[in-house]
Amino acid sequence: MAADALAELAKRRGFFFGSNGAYGGTAGFYTFGPQGAALKRNVEDAWRDRFTIREGNREIEAPTVMPEAVFEASGHLEGFDDMLVECPECGESHRADHLVEDATDVEDAEALPGEEVAELIADNGIACPACGTELAGQPVEAFNLMFATDIGPGDAQPGYLRPETAQGIFVEFPRLKEYARGNLPFGITQIGPAYRNEISPRGGLLRLREFTQAELEQFIDPEEDEPPLDRVRDVEVRLYPATEQEADDGDYLDTTVGEAVDEGVIGSPWVGYYLGVAREWYERVGVDLDRFRFRQHLAGERAHYAADCWDAESEVDGDWIEIAGFAYRGDYDLSKHDEYGDDAFTVFKRYDEPKTVERATVDPDMSVLGPEFGGDAAAVAEALETLAERDPDAFDGETVAVDVDGETREVDADVANFSVEEVTESGEHITPHVVEPSFGVGRTVQTLLAHAYSEDEVDGESRTYLSLEPEVAPQDAAVFPLVTNDDRLTALADEVAADLRAAGLAVAYDDSGSIGRRYRRQDEVGTPFCVTVDRDGIEGDGPDTVTLRERDSAAQVRIPVAALADELTALREGEPFASVADRYDAVDTDVETAGN
RNA sequence: GCACCGUUGGUCCAGUGGUAGGACAUUAGCUUCCCAAGCUAAUAGCCCGGGUUCAAUUCCCGGACGGUGCACCA
């Protein structure tokens with residue numbers, strides 16, 4: 001209903017629009033205009049305040065281009081790579097690897113080269129599932145969702161634009177843990193662009209090729225660390241568990257974070273904690289909670305490493321869209337980088353008490369083993385070490401026998417230099433687990449606009465306004481002279497605007513057209529407060545005063561210029577207009593608003 | 001990526017084989033003491049490339065972009 005009107009408003013008023021219009025436009029890329037960029041930045045600031053600062057976490061900024069090796073480790077190189085084959089008859093595209101896996105006993109067709117998959121299609125007479133035409137001879141095209149690029153000239157090494165901000169955090173874990181002084185838990189956040197070369201980007205801000213993510217990677221010791229669940233225990237949440245989605249008469253579960261965790265509906269307390277934090281944050285920035293839910297991933301949609309996974313979803317124009325994901329990722333990410341990368345993606349976990357353990361070791365005399373076994377000497381030594389750990393008793397005799405490449409080798413026991421030592425271990429290296437709340441910033445902006453879009457009547461005239469929270473609204477206030485035929489009013493309005501800007505407020509000044517027109521302009525971009533300088537405010541004995549108008553109610557109070565900056569700052573930080581209005585005289589303007 | 005439909009000032013629309021008109025918005029002036037008022041004037045447009053034609057914004061082909069459906073969305 002309001003979808004077209006909102007899209008038109010977003011374009012006309014400078015919230016966002018398709019990029020590169022002068023060159024025909026580029027699908028999947030949007031530019032945030034002056035209002036949209038301010039709104040988006042305020043959303044990011046509010047996120048930063050809640051998920052970085054108030055959680056005691058630290059934010060980093062990593063490059064958007066990363067080398068191929070990173071994505072070999074993360075699994076994106078393989079996992080993001082789709083093989084498509086197109087039917088020559090009906091034009092349908094199909095996943096070639098899936099067709100082969102369904103029709104043959106090949107299990108991992110995705111790992112095969114495209115030509116081999118094409119051969120398998122031909123050899124097995126696989127036909128188009130849509131129309132039955134045989135697909136033999138059709139090329140199998142590789143399509144990777146990552147944007148590829150070259151790093152450096154000449155024999156450049158392949159690189160990719162990151163498909164998620166998370167990898168920029170994971171790959172720097174060895175250094176980041178130093179900054180945390182090796183102590184778990186700690187959290188690292190990042191806000192920035194990510195890139196996916198979508199086959200068919202659609203729906204404005206909802207599915208872009210470049211988009212902004214705000215992600216937190218919370219690194220924890222799975223055996224020790226628990227979230228401060230009590231802080232959000234009583235937060236009410238609307239859950240849509242997997243069991244309810246699969247049931248015929250499935251319904252939402254309205255409960256609290258504490259109950260949902262206690263009853264195991266939410267599997268991980270850490271995930272539960274962040275669902276609670278997120279729900280409060282969404283309310284703070286202006287998401288309509290009647291159009292909001294947490295939906296659990298179904299078993300088939302969950303990544304294999306994610307134990308429990310929930311999405312935050314908002315309803316926009318009748319559709320539910322994913323605006324954030326919350327996953328318990330276990331040690332998957334850090335283990336992969338530990339395996340592929342050079343550094344240790346582990347932390348040293350100190351025991352409460354140092355442990356003394358007996359450890360059997362060997363220290364073979366290589367000057368004997370070398371001449372005796374030649375090239376096999378190193379393998380023999382290694383076999384002795386393994387044997388010492390597994391079966392210390394084998395060293396009891398005069399000689400000890402080990403198996404190397406199927407051959408039995410005899411070594412004198414004293415050459416092996418077997419001994420049992422007492423070793424003090426003060427701790428062990430563990431791979432932290434990761435809890436990942438991951439937010440889509442653009443989709444959040446889209447949600448806020450859709451939920452803020454309102455129409456009502458003021459003084460019998462219809463109006464459109466965005467009921468955005470003051471904290472995220474693109475502008476904090478607008479300043480007008482009531483009329484422009486009195487220099488005193490324009491002069492004071494100029495001064496007021498300058499003072500407010502000096503106080504750090506984003507303020508628009510407007511003296512064009514009638515006062516009503518100016519109010520409507522600001523209403524339409526969601527400016528929460530308008531300051532109007534009138535003659536009543538500068539005549540008389542008292543200090544200069546102005547009127548302050550609240551957007552949604554159109555109610556006004558008269559307020560001294562001297563108090564304006566402080567009050568507007570308080571309003572931006574969340575103080576209700578009603579409590580400010582109580583301190584001042586209401587202005588009777590005979591204006592009636594009729595809600596919709 | 002496939003199929004269907006579409007693309008005209010900033011926005012929303014009308015229209016035409018002889019290069020276009022409205023509404024709203026914007027700007028300037030007049031007017032104006034509180035919610036899109038009035039008057040005057042101004043700015044501003046046929047998505048791109050190729051073809052047919054004396055002539056193409058209009059017809060044809062291709063592309064880009066957008067909407068819808070399918071596929072895709074780790």
Side-chain angles (χ1 to χ4, degrees), chain A residues 3-5 7-14 17-29 33 71 74-95 98 110 128-131 141 143-146 163-164 196-204 206-209 301-306 321-322 325 456-465 480-486 489 511-524 530-539 546-547 549 551 554-556 558 587-593:
Chain A
D4 291 343
E8 188 264 329
L9 187 154
K11 210 189 300 178
R12 185 164 46 80
R13 287 299 191 190
F17 47 88
S19 299
N20 309 314
Y23 293 91
T26 313
F29 295 90
F71 301 111
S74 70
H76 286 95
L77 208 54
E78 203 183 316
F80 255 38
D81 210 356
D82 286 346
M83 291 184 191
L84 298 178
V85 62
E86 190 181 321
C87 172
E89 196 59 37
C90 68
E92 290 272 315
S93 281
H94 305 281
R95 286 283 294 270
H98 289 180
E110 201 171 3
C128 172
C131 69
E141 311 273 0
F143 186 83
N144 193 298
L145 273 315
M146 286 194 294
E164 59 176 23
R196 292 179 197 182
N197 201 2
E198 297 284 354
I199 297 172
S200 175
R202 265 187 214 176
L206 297 184
R207 200 152 153 225
L208 295 174
R209 292 190 164 124
E301 125 190 61
R302 205 163 56 213
H304 57 90
Y305 48 80
I321 62 168
E322 177 192 345
D456 71 352
E457 279 189 9
V458 175
D459 241 21
E461 298 280 350
S462 69
R463 72 160 175 166
T464 299
Y465 65 104
F480 317 134
L482 181 58
V483 290
T484 52
N485 61 356
D486 186 332
L489 300 192
D511 63 5
S512 158
S514 72
I515 187 69
R517 177 182 298 265
R518 287 177 256 156
Y519 284 141
R520 299 302 171 85
R521 277 187 193 130
Q522 296 303 324
D523 288 345
E524 220 177 27
C530 289
V531 173
T532 300
V533 177
D534 64 359
R535 224 170 270 154
D536 291 346
I538 55 175
E539 290 169 351
V546 292
T547 64
R549 168 193 184 265
R551 176 194 58 214
Q556 289 180 295
R558 183 163 293 281
V587 177
D588 183 11
T589 54
D590 295 328
V591 172
E592 300 274 332
T593 58

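Here is the naming used below: chain letters follow the sequence lines, and residue numbers restart at 1 for every chain. Given the structure is predicted, the values throughout are model-derived calculations rather than measurements.
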Chemist: When the distance from CG of A:Asp486 to C1' of B:C34 is rounded to whole Å, what number comes out?
Modeler: 15 Å
Chemist: In this structure, how many angstroms lie between the P atom of B:U32 and the CG atom of A:Asp511, rounded?
Modeler: 16 Å
Chemist: To the closest 0.5 Å, what do you measure between CD (A:Glu198) and CZ (A:Arg207)?
Modeler: 4.5 Å
Chemist: CZ of A:Arg558 versus C1' of B:C34: gap in Å, rounded?
Modeler: 10 Å
Chemist: With rounding to whole Å, what would you report as the distance between B:U19 and B:C72 at their C1' atoms?
Modeler: 43 Å
Chemist: Can you tell me whether the side chain of A:Glu198 and the base of B:C72 have a donor-acceptor pair closer than 3.5 Å?
Modeler: no
Chemist: Taking the P atom of each, how far is B:C47 from B:A20, in whole Å?
Modeler: 14 Å
Chemist: What is the distance from NZ of A:Lys11 to C1' of B:C24, rounded to the nearest Å?
Modeler: 15 Å
Chemist: Can you tell me how far C1' in B:C59 sits from the matching atom in B:C46, rounded to whole Å?
Modeler: 15 Å
Chemist: Is a donor-acceptor contact shorter than 3.5 angstrom present between the side chain of A:Thr484 and the base of B:U32?
Modeler: yes
Chemist: Atom CD of A:Glu461 and atom CZ of A:Arg463: how far apart are they, to the nearest 0.5 Å?
Modeler: 12.5 Å
Chemist: OG of A:Ser74 to CD of A:Glu164: how many Å apart, nearest 0.5 Å?
Modeler: 7.0 Å
Chemist: Checking contacts here: which listed nucleotide (B:G1, B:C35, B:A74) is nearest the side-chain heavy atoms of A:Arg202?
Modeler: B:G1
Chemist: Which whole number of Å gives the distance between the P atom of B:C60 and that of B:G17?
Modeler: 13 Å
Chemist: Of all the heavy-atom pairs spanning A:Pro481 and A:Asp511, show the shortest one and how long it is.
Modeler: CG-CB, 3.8 Å
Chemist: Side chain of A:Glu164 only, please: which of B:C34, B:C65, B:A74 is the nearest?
Modeler: B:A74
Chemist: Look at the side chain of A:Tyr519 and the base of B:C34, then say whether one donor and one acceptor between them are separated by less than 3.5 Å.
Modeler: yes
Chemist: Judged by each residue's nearest nucleotide on RNA chain B, which is more toward the 5′ side, A:Val533 or A:Thr26?
Modeler: A:Val533
Chemist: Which one, B:C35, B:A71, B:U32, comes nearest to the side chain of A:Val483?
Modeler: B:U32
Chemist: Please report the distance, rounded to the nearest Å, between CZ in A:Arg209 and C1' in B:A64.
Modeler: 12 Å
Chemist: Atom SG in A:Cys530, atom CD in A:Gln556: separation rounded to 0.5 Å?
Modeler: 9.0 Å
Chemist: So if I apply the side chain to side chain contact (heavy atoms under 4.5 Å, CB included) rule between A:Arg209 and each of A:Thr26, A:Asn197, A:Leu145, which one comes out positive?
Modeler: A:Asn197
Chemist: Starting at the 5' end of RNA chain B, write a dot or bracket for each base, bracketing those in Watson-Crick or G-U wobble pairs whose two distances are under 3.5 Å and using | for partners on another strand.
Modeler: (((((((..((((....[..)))).(((((.......)))))....(((((..]....))))))))))))....
Chemist: Within 45° of the ring axis of A:Tyr519 and under 6.0 Å from its six-membered ring centre, is that where the NZ or CZ of A:Arg549 lies?
Modeler: yes
Chemist: Scan A:Gly325 against the nucleic acid and name what it touches under 4.0 Å (heavy atoms): base, sugar-phosphate only, or nothing.
Modeler: nothing
Chemist: What's A:Thr547 touching, base or sugar-phosphate or nothing? Going by heavy atoms closer than 4.0 Å.
Modeler: base
Chemist: If I take atom CG in residue A:Asp534 and atom P in nucleotide B:C34, what distance separates them, rounded to the nearest angstrom?
Modeler: 9 Å
Chemist: Out of B:A74, B:C72, B:C35, which nucleotide sits closest to the side chain of A:Arg207?
Modeler: B:C72
Chemist: Quick check: closest heavy atoms across A:Phe71 and A:Pro163, and the distance to 0.1 Å?
Modeler: CE2-CD, 3.4 Å
Chemist: Without decimals, in angstroms, what is the distance between A:Asp4 CG and B:C12 C1'?
Modeler: 11 Å
Chemist: Select one nucleotide: of B:C34, B:C12, B:A71, the one nearest the side-chain heavy atoms of A:Glu8.
Modeler: B:C12
Chemist: Can you tell me how far apart CG (A:Leu9) and OG1 (A:Thr464) are? Round to the nearest 0.5 Å.
Modeler: 7.0 Å
Chemist: Which nucleotide, B:C72, B:C35, B:G66, lies nearest any side-chain atom of A:Arg549?
Modeler: B:C35
Chemist: Which value, rounded to the nearest 0.5 Å, describes the distance between A:Arg520 atom CZ and A:Ser514 atom OG?
Modeler: 9.0 Å
Chemist: Take atom C1' in B:C48 and the same atom in B:U43, then report the distance between them in whole Å.
Modeler: 26 Å
Chemist: Taking the P atom in each of B:G29 and B:G49, what is the distance between them to the nearest angstrom?
Modeler: 39 Å
Chemist: Between B:U52 and B:A3, how far apart are the two P atoms, rounded to whole Å?
Modeler: 26 Å
Chemist: Minimum heavy-atom separation for A:Ala27 and A:Pro201, please, with both atom names.
Modeler: C-CG, 4.0 Å
Chemist: Which nucleotide in the list B:C34, B:U11, B:A74 gets nearest to the side chain of A:His76?
Modeler: B:A74
Chemist: Can you name the atoms? Protein N/O to nucleotides 36-39 of chain B N/O, anything below 3.5 Å, with the distance.
Modeler:
unit_1: B:A36; atom_1: N7; unit_2: A:Ser462; atom_2: O; d: 3.4
unit_1: B:A36; atom_1: N7; unit_2: A:Arg520; atom_2: NH1; d: 3.1
unit_1: B:A37; atom_1: OP1; unit_2: A:Arg517; atom_2: NH2; d: 3.0
unit_1: B:A37; atom_1: OP2; unit_2: A:Ser514; atom_2: OG; d: 2.8

Chemist: Is A:Glu524 salt-bridged to A:Arg12, cutoff N-O under 4.0 Å?
Modeler: yes
Chemist: Taking the same atom, C1', in B:U53 and in B:G1, what whole-Å distance lies between them?
Modeler: 36 Å
Chemist: In this structure, how many angstroms lie between the P atom of B:C30 and the CG atom of A:Asn485, rounded?
Modeler: 10 Å
